[in-house]
Amino acid sequence: MAGANDLIIRIGGEGGEGIISAGDMIAQAAVRSGLEILTFKTFPAEIRGGYAMYQIRFSHEKILSEGSGFDVMCCFNQEALDVNGKSFTDGTVLIYDYPGGDIAEEQDIPGVYCYAVPMSKIAKEDLGTYRSKNMVALGAISELFSISMDSLRATIESKFGKKGADVVEINFKALDAGKNHIRENIDKKDPFKMDPGKPQEDVIVISGNEAVGLGALLAKCRFFSAYPITPATEIANFLSRHIPKFNGTLVQAEDEIASLANVIGASYGGAKSMTATSGPGVSLMQELIGMATMMEVPVVIADVQRGGPSTGLPTKHEQSDLFLAAHGCHGDGSKVVISPEGVEDCIYLTVEAFNVAEKYQVPVLLLSDGSLGFRTSSIKKPDPSKINIVERDKYDPASGDGGYKRYKLTESGVSPMSAPGQPGGNYISTGLEHAESSAPNYTPENHVAMLDKRFHKLDNIEDFFPATEFDEEEGATVGVIAWGSTIGTAREAVKIARAEGSKVAALYPKLVWPVPKKALERFSSKYEKILIPEINKQGQLAKIIASETDIKPISYTIYGGLPFTPRMIADKIKEVI
Amino acid sequence: MAGANDLIIRIGGEGGEGIISAGDMIAQAAVRSGLEILTFKTFPAEIRGGYAMYQIRFSHEKILSEGSGFDVMCCFNQEALDVNGKSFTDGTVLIYDYPGGDIAEEQDIPGVYCYAVPMSKIAKEDLGTYRSKNMVALGAISELFSISMDSLRATIESKFGKKGADVVEINFKALDAGKNHIRENIDKKDPFKMDPGKPQEDVIVISGNEAVGLGALLAKCRFFSAYPITPATEIANFLSRHIPKFNGTLVQAEDEIASLANVIGASYGGAKSMTATSGPGVSLMQELIGMATMMEVPVVIADVQRGGPSTGLPTKHEQSDLFLAAHGCHGDGSKVVISPEGVEDCIYLTVEAFNVAEKYQVPVLLLSDGSLGFRTSSIKKPDPSKINIVERDKYDPASGDGGYKRYKLTESGVSPMSAPGQPGGNYISTGLEHAESSAPNYTPENHVAMLDKRFHKLDNIEDFFPATEFDEEEGATVGVIAWGSTIGTAREAVKIARAEGSKVAALYPKLVWPVPKKALERFSSKYEKILIPEINKQGQLAKIIASETDIKPISYTIYGGLPFTPRMIADKIKEVI
Amino acid sequence: MATETIPMKAKDYKSTIPPTWCPGCGDYGVLNAVLKAFADLKIDINNTALVSGIGCSSRFPYFVKTYGMHTAHGRVLPVATGLKLARPDLEVIAFGGDGDGFSIGGGHVPHVVRKNTDLTYILMDNSIYGLTKGQCSPTSEQGMVTSTTPYGSPDNPVNPLAFCLTYGATYVAQGYSSKPKVVQELVTEAIKHRGFSFVNIISPCPTFNKINTFESYKDKVEPIPEDHDTTDLNAALAIALKAKEGKVPAGLLYQVKTPTLVDRLNEIRQKAGGSDDYDINRIIDAYRA
Amino acid sequence: MATETIPMKAKDYKSTIPPTWCPGCGDYGVLNAVLKAFADLKIDINNTALVSGIGCSSRFPYFVKTYGMHTAHGRVLPVATGLKLARPDLEVIAFGGDGDGFSIGGGHVPHVVRKNTDLTYILMDNSIYGLTKGQCSPTSEQGMVTSTTPYGSPDNPVNPLAFCLTYGATYVAQGYSSKPKVVQELVTEAIKHRGFSFVNIISPCPTFNKINTFESYKDKVEPIPEDHDTTDLNAALAIALKAKEGKVPAGLLYQVKTPTLVDRLNEIRQKAGGSDDYDINRIIDAYRA
Ligand SMILES: Cc1ncc(C[n+]2csc(CCOP(=O)(O)OP(=O)(O)O)c2C)c(N)n1
Ligand SMILES: Cc1ncc(C[n+]2csc(CCOP(=O)(O)OP(=O)(O)O)c2C)c(N)n1
Ligand code: SF4
Ligand code: SF4
Ligand SMILES: [Mg+2]
Ligand SMILES: [Mg+2]
């Protein structure tokens, strides 16, 4: 449930009924009218024949998470009612397709405001096209909760304008039909209403996946190769449209192994390079991630996590690839794992992922997740001129120190990297253990020196990438540590818990591997109990922190394919105190 | 250095000079004469042109490890002398090819007994064939340290008999030439000598890799598919000869992914099935290991670990795939990791790996390593009639409880498994999250129930497979925990430390994932400090134990591609006390 | 619970799980034709396993009453191979899509085919990635606009028929979802064939592929001439290569009899003196010093 | 440290790392021929990268002074592809063995080939796994005894030439390590070719392959007839399929000119209005509500 000036609307029904596009439009319209929005979607793993849901949270303030529950439920069919009915509480608003739709009975649920809107019937009988059902629903919703009709019309116009005036007209008519049905037949009793805000110039609405693509472009990524996979494909979709504009290259490879191989070859050649996939792809990439570690080639791998293991729950949400990301690859492999908390982070942490990869010449995994990838959010328009870009330490042919040593044992552990074309910089990049020159070398001394080098270079990463946020509280005994998209939820939970009188602190690391030890130790030294909520079975971050520090965290895991609600974490905080 | 009745001889030179076959023969001969042996080999990663070494440890008692250093070094060339020279100590015996060989100078090393034997010269000039050089060396060695010449001759006869009497004769002549050179020219001053033992009827000499193959046959493995890789290929070599004898199937697949896919298909069909590989193969198998977890198909994957990451050090020794084995696969994957300590374990723990896989319907990884795979040992001949074999819980069509539920939520978490051919047992084995029936199901409740099931079934594994050995000591403050082939070394180290007056206890887990919590906690509750020696950079078992229990281990890692010596661990024990 | 004794009709082979394909999907036609072939052949649901990879088409096994496996993307053939080799008594039929088979799974095809592995492989080719919502597939035309190729695909397509013929397949045929009778016949013969049989079925995806539609195939699908010699590899290759001209030959391209992988493995067992109760001590004793 | 200006001789291209191959290994002949081709072509060591997989043959790049990558088993082509696409200015040449290329790497070949990726691929075919000490390779004959096939291999071999032709390669040739002059010419032309060029070189492994020895090839290697039309795909396929009769055709089988992947990607950049200083704000602004 949302607070004041905060409204959560859900639309649910059969996949393919236009729920996603209706949701997108009302979200866009709300932003046009000056509101903040954050959306949340669930799809079936099948193309047709399953339950799909689109939730929009509206507010006048920055929104941090999906929120807890919902205020308004708009049901396109009986299944949507069944799935969501159990979550109705006192004061929930139910809008449902009746009569003439899939829902056979009139609803009269105690404590719930039930508004019947015959969406299917209006669409089919009055408008002559069943496909306009979603627009009828939008009209009803905007009328009921004062979402600006002008903004909605403007959104429709910019979306369908290209398809012709008649298409726009049909949609307008459907909107009006929905609006009029409310005006004429419904006696609004519920208290929900979103006042329009002050329209803002510098706001964009973008999804998490698109934001990763945008971040890559901002970081000057010029080579991208991937293989389609849910829920990561939209990163490729975005870049396929835009990377050629920068004379960059996009390859749809034959599989994930080939895509990472492409990326490693391109990065060896000097291009900032990236791939994007989900868990199954990351599993397949293990050998080559280790090769990138060994070759010390910078690469960025976005992993939009889904429910696992195996094919699992392709369209659901989980934070369960951390073990694989941090501890995967045979042998001792040094690499970095970064995880964004929200859509804005998807932009800026993608830039950071490139910076870290280039700075340390390592593979960097960027762990997003299905909810975040599909989420759209209103965020401040990024300013490209303010983006800080780090370049790899390049070999300088003029350095003139005799034979070039690709894997020179330097103090920092990072060795200048040449690129083909540079005279004197010739070397063979290799996955075999090698001497400084890059020639194969299997002596014990050399292997020790090179393993040390590859780990040592990351010793100071926490200072280079200090993206760990402290939210301290005097007198608190419990400190919450969250990662990835659970951070937003935890932020709200902490607010709620504090508002309800609990003392609680929080730490939000964006660097999850190597774990930011200094921050973790500083934080844990102040709070007796460390609570780590995360969405996986094993408590993966909690276990990694337990093994890397002296912290003995209390692990709080859920793993049903859905995000936490702030309420859940707030309750847990109280329980732990 | 070995103790009384304990001798370590090394032969070193260029790969391809017959060092490996000479070593094999003297080892065989020693066993024939009633000694115990344990060998250790290092090869170059290239076929030609690198240093190869064969070490044999002889004793009258059971041998637990490669030992510390060596007593006798037989150098075929200068490189062997350079590599090993730094490890000479007071009393080392050096036998070297001089004059007329690759070593240009006569050796006179203070404190070292230097015996020049012109092996190349004798072979070329007296015997007319350079290839007999290794036999000349053997003759000299057996004469010097009283390795039974009769046994050597018998070994040669049984090895070369098939090739004809003249081949045997040439080898005998070379042996004699070496022996005579010692008798005539060398004044033996060193004290080393191996008295023959009592020849034993029920002893075999077998390598770690062959032992894994034998274990598989004993477990009634009838399907094996693999892709060649050093240092695991000998498992496939062994099974390719023998599995067809049992009407079983061996496939050399096109890659490691296909080999595990083959194995999963075969096991679904009801056959006990296995693959064998090394780190790079395990990396490639990650996706399908997760699939086996999800499908609940029993499979055994032998990983003969080598130096990593990436191509790394293909012929060297490391225990660095534990993180990947335990924490690999995207999503939360339940699986089991077992690690043998020596050649005998390679037989019996392979049987156990099958038992665990079948009992729990999980993928089981058997982590051996390069040293152990190539090691030959004299061991007690296994008695097939004493092997305990566990079969999977099979679906009984007569159970008549209506529709078959492949993934039934039982109390133990294990569900009876049907095999094609069984009427009424039809189902679709799947990597998608599924309901009890096996039909796809993505509801939160179901995913939670199924994840819980897949982890829960392993809850009691420590009782089913209680292969954790306690070596307690009253009053000790330090407890050593070792795994894999480091166990043998640790056993000797503990003996040494105790002999030298230290109080120390030890725990030897063979089940490394899920960690045997009860054993670890019982053990750690008694000893203040827990020391974990292992051969990898990160201290992988130490970290996993730290994350799964309250133990804060002291991690002792080396990672030069070679095993520990008992001396190193003994010294560390003292340092920690 | 006993094996069915009354002959089953096509519809009797349907499981209780209703297909999740979009209305109008070509895969329905394939399902119906395959079920008819099953009825024709009196397929025993207990001794048959349908194995698939990942994709819309790979959902196939769920909709049939036999045994089956829904594996990982691209791994249908090696999984099916393992099952067949461990259980030569079973009828093992592999199903999948163009991406599953010829993109991520393309490395397995040559080997499963050259070994003449005793499998039937039924591929539903829609020239698109259906399940992931419309990306370019290995059989998509060069220039095709999809979500990952907004400026048109730069890639020439693969030719599944020509590939399998060159790999040494011993049965190669092509059908079209809208001609269920032909598909049924080709599938029936493919299942009867000993060794590897490949049936490529053009099965349009109306949801995501707006180029290779049922409409577009109307004039392209051409029955293979009656007089085509199905034992002539060169002639078969020539037909397969017609794809370049936009033609879709339908019918049997090639069929020959050669020893299968199961045959060869049996030979090996014989050479090794294989028996179900071989005495393992004979192996162990060879390791005595 | 400046780019070499005096023309380099073949031996000048040798790095300081001596080859680690066994005495008598066919790969020495390939190395020498390739170095001569480099000298012929005045290859610039700074603008050339040799990329390989894993195997004896894949050690090749270490022995040459250019840039290079020694990658993972089977991944030579996709790594080389990435490098070439990111740096079309470079000469990128891929090297590997029969196992690397056609077993574990066999899934990449069709795609790299059909896309006409601008690479030269030189494969040293010894019909064995050399580096892992003698197992059956995808080009090993059926019946061959190796360490993993003690009763003889059950598998029919692959045909690299026929595969690449069917995949749509635009340059396909075969050489033999003992005929270095021919190899040198074929490699020279392959490097000059725009698009994907494939040179299969029979390169015996005297250490582990006792069947396909230099001796055994003496009567098998046959120059391709002078009058062969190298633009005739069917004729080329017919020659490639001669392998079945134990023949080893040597020479150029096929060469045609068609747009390359680099060409196609340039077209896409043009369509997209690509420029090095495209204003990213134009993209961002499209996301305003
Ligand atoms: C390792 C892996 N990579 C990617 C995916 C995502 N994926 C699922 S189906 C599919 C392609 C489906 O296309 P096709 O095989 O042609 O089947 P169709 O849906 O068209 O029938 C992809 C890329 C996956 N499941 N696993
Ligand atoms: C993933 C992986 N699997 C297996 C291996 C082991 N391996 C190294 S080289 C090789 C085969 C070599 O054969 P080929 O490619 O023909 O090259 P050759 O040595 O004969 O030149 C194998 C199987 C590996 N390095 N990596
Ligand atoms: S998306 Fe295409 S292939 Fe998939 S079910 Fe729908 S129509 Fe069929
Ligand atoms: S093993 Fe064979 S391929 Fe390898 S270097 Fe030796 S001869 Fe050449
Ligand atoms: Mg498809
Ligand atoms: Mg080879």
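A note on names: the letters A, B, ... follow the listed sequences, proteins ahead of strands, and every chain is numbered from 1.
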Chain C heavy atoms under 4.5 Å from A:A253: which part of the residue, side chain, backbone, both or neither?
-> backbone
Using a cut-off of 6.0 Å, state whether more than 12 heavy atoms not belonging to C:K220 lie near its atom NZ.
-> yes
Check whether more than 12 heavy atoms from other residues, nucleotides or ligands sit under 6.0 Å from atom NZ of C:K14, and answer yes or no.
-> no
Select one option (side chain, backbone, both, neither) describing which atoms of A:L284 are under 4.5 Å from chain C's heavy atoms.
-> side chain
Contacting moiety of C:L131, where chain A heavy atoms sit under 4.5 Å = both
Counting only heavy atoms closer than 4.5 Å, note whether A:S310 contacts chain C via side chain, backbone, both or neither.
-> neither
Heavy-atom distance under 4.5 Å to chain C: side chain of A:I229, backbone, both or neither?
-> backbone
Might you point out which heavy atoms bring A:S240 and C:T148 nearest each other, and give the distance in Å?
-> CB-O, 3.2 Å
Honestly, the part of A:P231 sitting under 4.5 Å from a heavy atom of chain C is neither
In Å and rounded to the nearest 0.5 Å, what is the OG1 to NE2 distance from A:T311 to C:H73?
-> 10.0 Å
Hey, could you give me the NZ/OG1 distance between C:K133 and A:T230, rounded to the nearest 0.5 Å?
-> 7.0 Å
Roughly how far apart are C:T146 OG1 and A:Q252 CD, rounded to 0.5 Å?
-> 6.5 Å
Side chain from CB out, backbone as N, CA, C, O: work out which of these in C:F102 comes under 4.5 Å of a heavy atom of chain A, or both, or neither.
-> neither
Side chain, backbone, both or neither of A:F238 within contact of chain C (heavy atoms, under 4.5 Å) | neither
Spatial distance of atom CD1 (C:I104) from atom CD1 (A:I257) [nearest 0.5 Å] = 7.5 Å
Donor-acceptor pair, C:S103 side chain versus A:E254 backbone, under 3.5 Å?
-> yes
Considering only heavy atoms, which portion of A:F43 lies under 4.5 Å from any heavy atom of chain C: side chain, backbone, both, or neither?
-> side chain
For C:K9, does the NZ atom sit with more than 12 other heavy atoms under 6.0 Å from it, leaving out its own atoms?
-> no
Contact class of C:C136 relative to chain A, heavy atoms under 4.5 angstrom = both
C:Y151 versus A:P244, closest heavy-atom pair with distance | CE1-CG, 3.8 Å
